[in-house]
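Excluded from the calculations below are hydrogen atoms, water molecules and symmetry mates; all remaining heavy atoms, backbone and side chain alike, are included. Protein chains get the first letters and strands the later ones, always in sequence-line order, with residue 1 at the start of each.
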Amino acid sequence: MPELPEVEVTARALQQAITGWSLRSVWVSGKKLRHPFPRGAIDQLRGVPLMGIGRRAKYVLMEFPSGYLAVHLGMSGSMLCAHGKAPPAKLHDHVVMEFESPSSEVRTMIYHDPRRFGSFQWCDRQALHGTEIGAVLGAGAAGIEPLGQSFNGAWLFEHSRGRRTPIKQWLMDGSVVVGVGNIYACEALFDAGIHPSRKAGSISRPRYERLAVDIKKILLQAIEGGGSTIQNFQGPDGTAGRYGQLHRVYGRSGQPCPRCGRAIRRSIMGQRSTFFCHGCQR
DNA sequence: CGCTGACCCTGACGGC
DNA sequence: TGCCGTCAGGGTCAGC
């Protein structure tokens with residue numbers, strides 16, 4: 001279930017598979033997703049080449065000449081790319097897009113989402129009018145990219161001054177930093193030795209330097225490992241991500257801390273499970 | 001601004 | 001085997 005690394009892995013694989021291919025057909029299940037499917041805009045794209053596939057926040061962006069199709073995977077979404085024409089839709093398949101290469105080869109993108117918290121949104125290039133696409137997609141996608149150049153300890157330090165919110169919830173706020181969800185927030189805070197309930201504004205610059213490095217490190221590791229999988233995340237080639245095996249605190253309450261051996265604790269912050277070591281996170 | 005709870009859904013899992 | 005409660009990694013919104 002997707003956080004930034006899963007979305008990045010998905011976007012990269014689709015980029016490899018169907019960039020430059022033209023949209024041939026679109027099928028939708030008709031089941032309600034988070035937003036109404038932009039049928040009208042997509043119907044205009046038949047025969048139009050897909051220029052590229054990227055990621056902003058937790059959105060997969062499919063770029064067409066006239067704009068972007070922004071796909072959110074929600075809690076349980078995945079985008080699979082199959083060779084050949086669309087196979088019969090399975091339960092919880094909601095969007096199926098066939099693409100055709102210049103040499104008439106066909107590949108199919110299948111959007112599968114049991115919980116239907118995901119969405120497809122159309123962002124017209126004209127309407128964007130130079131506005132950064134994250135801002136258009138909502139406050140939750142407007143924050144800084146944690147893998148970007150400008151994200152570093154100084155940025156975290158400066159933007160956290162005066163904030164009394166617990167660091168974990170502040171990190172997970174998409175209007176501050178995008179893509180750091182529950183798992184990676186827990187893991188990065190563990191690596192940096194910072195207690196999740198410490199107020200964001202009370203953390204020193206050196207500790208933020210460390211945290212910024214750890215966040216980047218953890219996200220990059222997860223991307224290399226093909227994404228995390230607690231339950232059912234799978235990448236576009238159908239393989240399961242492996243990062244889940246590397247979680248050091250997430251989902252490990254009661255087990256010994258890999259650093260000091262004390263039992264990992266679980267608490268609820270902002271209605272989300274939080275895992276940490278009370279001994280070595282301060 | 002910040003915090004809380006409710007809500008959108010289905011599936012997996014543990015206890016009985 | 002089956003029923004039931006609980007939980008799940010995301011995000012938005014209303015209300016205080």
Side-chain angles (χ1 to χ4, degrees), chain A residues 1-10 29-37 55-60 70-79 90-94 111-121 134-143 146 159-190 196-197 199-202 218-219 222-223 225-235 240-254 266-275:
Chain A
M1 311 239 247
E3 293 193 34
L4 184 149
E6 290 78 5
V7 180
E8 181 70 27
V9 167
T10 298
S29 69
K31 290 283 189 67
K32 213 169 104 182
L33 297 176
R34 171 162 288 281
H35 301 291
F37 187 83
R55 178 192 62 76
R56 169 69 177 119
K58 288 178 186 160
Y59 290 86
V60 173
V71 184
H72 200 291
L73 303 179
M75 293 271 267
S76 57
S78 61
M79 298 168 85
K90 292 193 213 148
L91 184 63
H92 303 312
D93 287 349
H94 297 298
Y111 177 80
H112 183 88
D113 186 3
R115 284 178 77 181
R116 286 188 274 133
F117 283 12
S119 65
F120 282 67
Q121 290 170 271
V136 174
L137 292 168
H159 287 80
S160 60
R161 293 309 91 184
R163 299 307 200 96
R164 301 179 55 77
T165 312
I167 178 63
K168 188 202 173 215
Q169 283 161 262
W170 188 68
L171 274 184
M172 286 176 65
D173 181 345
S175 65
V176 178
V177 184
V178 298
V180 181
N182 202 24
I183 296 177
Y184 298 109
C186 291
E187 293 295 312
L189 288 170
F190 173 76
S197 53
K199 289 174 178 52
S202 78
I218 280 174
L219 293 176
I223 289 168
S228 159
T229 180
I230 294 282
Q231 283 176 24
N232 60 2
F233 178 78
Q234 55 177 28
R242 281 165 291 124
Y243 184 71
Q245 299 163 13
L246 304 176
H247 295 163
R248 309 225 275 156
V249 286
Y250 188 84
R252 295 189 182 276
S253 55
R266 174 179 183 265
S267 71
I268 303 293
M269 294 178 66
Q271 279 123 264
R272 300 234 188 253
S273 286
T274 303
F275 299 89

I need a per-nucleotide contact map over nucleotides 4-9 of chain B, read 5' to 3'. Cutoff is protein heavy atoms under 4.0 Å; write B for the base, S for backbone only, - otherwise.
-BB-BB
d([atom1], [X]; [atom2], [N]) in whole Å:
X        : N      : atom1 : atom2 : answer
A/Leu73  : C/dG10 : CG    : C1'   : 10 Å
A/Tyr184 : C/dG10 : OH    : P     : 10 Å
A/Trp170 : B/dC3  : CH2   : C1'   : 17 Å
A/Leu137 : C/dG10 : CG    : P     : 17 Å
A/Leu91  : B/dG11 : CG    : P     : 6 Å
A/Glu187 : C/dG9  : CD    : C1'   : 12 Å
A/Leu33  : B/dT10 : CG    : P     : 12 Å
A/Met75  : C/dT12 : CE    : C1'   : 14 Å

When the P atoms of C/dC3 and B/dC9 are compared, how many Å lie between them, rounded to an integer?
24 Å
Taking atom C1' in both C/dG9 and B/dC3, compute the distance separating them and give it to the nearest angstrom.
22 Å
Shortest side-chain distance from A/Lys58, nucleotide among C/dA8, B/dC3, C/dG10:
C/dG10
When you get a sec, tell me which of C/dG10, C/dA8, B/dG11 is the closest nucleotide to the side chain of A/His92?
B/dG11
Tell me, please, which residues at least two apart from A/Gln121 pass side chain to side chain donor-acceptor pair (under 3.5 Å).
none
If the cut-off is 4.0 Å, is A/His72 near the phosphate of C/dG11, judged by side-chain N/O to OP1 or OP2?
yes
According to a strict under-4.0 Å criterion, is A/Thr165 in side-chain N/O contact with OP1 or OP2 of B/dC3?
yes
I'd like to know whether CZ of A/Arg161 has more than 12 heavy-atom contacts from other residues, nucleotides or ligands below 6.0 angstrom.
yes
Counting any heavy atom closer than 4.0 Å, what does A/Arg272 reach on the DNA or RNA strands: base, sugar-phosphate only, or nothing?
base
Once ring pair (Phe, Tyr, Trp, His ring centres under 6.0 Å) is applied, do any residues pair with A/His92, and if so which ones, sequence neighbours excluded?
none
Taken in chain and number order and not counting sequence neighbours, the residues that satisfy ring pair (Phe, Tyr, Trp, His ring centres under 6.0 Å) with A/Phe190 are none
Residue pair [X] / [Y]: nearest heavy atoms and the distance that separates them:
X        : Y        : answer
A/Val9   : A/Ile223 : CG2-O, 3.6 Å
A/His159 : A/Trp170 : O-CZ2, 3.5 Å
A/Arg56  : A/Ala141 : NH2-O, 3.2 Å
A/Ser76  : A/Pro2   : N-CD, 4.4 Å
A/Glu3   : A/Gly181 : OE1-N, 2.7 Å
A/Tyr184 : A/Ala222 : OH-CB, 3.4 Å

Paired runs of 3 or more consecutive Watson-Crick or G-U pairs involving DNA chain B, with both pairing distances under 3.5 Å, are B:2-8 with C:10-16, B:10-16 with C:2-8
Whether A/Asn182 side chain and A/Ser273 backbone form a donor-acceptor pair below 3.5 Å
yes
Given 3.5 Å as the limit, does a donor-acceptor pair link the side chain of A/Arg252 with the main chain of A/His247, or not?
yes
Expected rows: protein N/O vs nucleotides 14-16 of chain C N/O, under 3.5 Å:
none

